[in-house]
Structure formats: structure tokens, C-alpha cells
Amino acid sequence: MTQAPATPPPAGLREPAHQVSPRAVGYWRIAATIPSAVVAVLVVGGYVVWWLTEGRPSWWALVLAGLVLVVLVVYPVVMPPVRYRVHRWEVTDTAIHTRAGWITISSRIAPLSRVQTVDSRQGALMRLFRLASLTVTTASAAGPITIDCLDAEQARELVATLTAITGASEGDAT
């Protein structure tokens, strides 16, 4: 039995065209390593305190601590490249489309006529990686659309583009 050829999705439902900056992988890795290191220190410290005050902890405590430490090491290694492959964005003449996540993947499309504000954010760690994130607030109950980890210069250009497009629209984006 032959299968019918797959039909491409309608143009409005294709995946967004652009990936975030490749420097996002390093940024996400450092951003995940910092809290993982803090938790690892707390787990090891708690284990040592238990050992010093109560004597040698049970085997299950060692196994549990070991599992937690493995997760804390694996997370910053596995998450960034997966997240990089998933995160995408695109701005067309009519809409902004994003896809984000790494375990739960969400896709958002908002008409540009509904855009109310465009904000950029660049924390200290993002500045080190020359990255910025944009938040596009729309007249939607679903909340704002965020594009994380764009190249800082690209983010500035996108703010200017979105401002020009939405400024040229008639109406009040409600």
C-alpha cells in the first residue's frame, strides 16, 4: 500500500524562519550552571552535616544525593543545545511568530495589528554574551510574546522594524 505524499502545512503554520543567536547556547549553559552549582553545594553540604552530626547517612540518602548531583550536572549540558534547536522566531508583514521551550514547546502567532508595546531586556550576563531579549505585548489574554537571546544588534533592528510596522497601522491595537 502506498502512502499519499505529505502536503506541506499552510504558509501561516510553518515553523518560524529564524533561530536565535548561536551564543544563546553558552548563555543558557552558564545561566543553568550557576543555580545548579548552588544546589549541588547545598546537597553536598547537607550530606556532610548529616554525616558529622548523625553519623554515616543511610544508603538511600547517598543514592538520592547522587541522583540529584547527576541531574544537576546533566541539565546544563543537555538543555542548551536542545533549546537552541527549538527556539525560533519570525516577523512577517502581518504577524510575529515564535516557538520556544525544550520540554514543553509552545508556539505563538500574533497579528502585528495587535501589538501594543515592544520592550527589550539585556541583563548583565546577556551583555557579556552580546544578547538581548524582546517582549512584544499584544492585546491578547495569552500575554506577551518573548523572543529570547537574539544578537543584541539584531534585537535593536527588530525593535525599530516592529516600531515602524506597528506605528504605520491604523487603530489602537485592541
Side-chain angles (χ1 to χ4, degrees), residues 6 9 13-91 96-110 116-138 140-159 162:
L13 296 178
R14 65 181 168 74
E15 82 175 23
H18 308 292
Q19 285 187 295
V20 297
S21 172
R23 291 188 305 274
V25 174
Y27 167 75
W28 286 324
R29 185 158 287 136
I30 297 297
T33 298
I34 293 169
S36 289
V38 170
V39 173
V41 167
L42 292 173
V43 167
V44 170
Y47 191 83
V48 168
V49 167
W50 187 352
W51 189 308
L52 293 175
T53 59
E54 302 293 325
R56 185 170 184 191
S58 301
W59 66 270
W60 60 265
L62 181 60
V63 169
L64 182 61
L67 287 173
V68 168
L69 292 174
V70 166
V71 169
L72 292 173
V73 169
V74 169
Y75 174 72
V77 172
V78 172
M79 177 272 296
V82 172
R83 194 172 173 187
Y84 176 73
R85 282 193 301 275
V86 171
H87 275 58
R88 300 182 79 74
W89 66 276
E90 182 173 10
V91 175
I96 183 167
H97 184 187
T98 63
R99 187 180 69 191
W102 75 282
I103 292 176
T104 300
I105 298 172
S106 62
S107 184
R108 298 274 312 273
I109 301 172
Q116 294 177 326
T117 62
V118 180
D119 302 309
S120 66
R121 179 179 50 84
Q122 190 180 39
L125 188 57
M126 289 183 106
R127 281 193 302 275
L128 288 174
F129 283 88
R130 298 184 323 274
L131 298 170
S133 292
L134 295 185
T135 301
V136 180
T137 305
T138 63
S140 166
I145 293 176
T146 301
I147 306 171
D148 283 324
C149 296
L150 293 173
D151 176 77
E153 183 57 35
Q154 186 179 36
R156 281 190 285 282
E157 291 171 8
L158 190 53
V159 167
L162 287 170

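All values derive from a computational prediction rather than experimental measurement.
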Shortest non-hydrogen contact between [X] and [Y], atoms and distance:
X	Y	answer
P81	V25	N-CG1, 4.4 Å
H87	G101	CE1-N, 3.1 Å
V43	A65	CG1-CB, 3.9 Å
L150	S21	C-CB, 4.2 Å

Gap separating the [atom1] atom of [X] from the [atom2] atom of [Y], nearest 0.5 angstrom:
X	Y	atom1	atom2	result
I145	R108	CD1	CZ	4.5 Å
I30	Y27	CD1	OH	11.0 Å
C149	F129	SG	CZ	9.5 Å

Below 3.5 Å, can you tabulate the donor-acceptor pairs from side chains in residues 119-128 to any protein atom, sequence neighbours excluded?
| unit_1 | atom_1 | unit_2 | atom_2 | d |
| --- | --- | --- | --- | --- |
| Q122 | NE2 | L131 | O | 2.9 |
| R127 | NH1 | Q122 | O | 3.0 |

side-chain hydrogen bond (donor to acceptor under 3.5 Å, both in side chains) partners for [X], two or more places apart:
X	answer
T135	none
E153	R156
S133	D148
S107	H97

State, with a plain yes or no, whether a side-chain heavy atom of [X] is found less than 4.5 Å away from one of [Y].
X	Y	answer
W28	V20	yes
P76	S36	yes
I96	W89	no

Are any side-chain N or O atoms of R88 and backbone N or O atoms of A17, one a donor and one an acceptor, separated by less than 3.5 Å?
yes
Suppose we screen for salt bridge (charged side-chain N to carboxylate O under 4.0 Å, His left out). Which residues come up paired with E90, at least two apart in sequence or across chains?
R14
For side-chain contact (heavy atoms from CB on, under 4.5 Å), just list the numbers for T146 and L134, CA-CA rounded to whole Å, side-chain angles, deciding distance to a tenth of an Å, and then say yes or no.
CA-CA 6 Å; T146 301; L134 295 185; over 6 Å; no
Please identify each residue that fulfils side-chain contact (heavy atoms from CB on, under 4.5 Å) with [X], with sequence neighbours left out.
X	value
V86	R99, I105
V48	V44, L52
V77	none
V78	V74, V82

Can you run down the salt bridge (Lys or Arg N to Asp or Glu O under 4.0 Å) pairs that involve residues 18-32, sequence neighbours left out, and say none if there aren't any?
R23-D151
V68, L42, L62 screened by side-chain contact (heavy atoms from CB on, under 4.5 Å) with Y47, the one that passes
L62
Taking side-chain hydrogen bond (donor to acceptor under 3.5 Å, both in side chains) as the cut-off, I'd like each qualifying pair that reaches into residues 55-80, sequence neighbours left out, listed once.
S58-W60
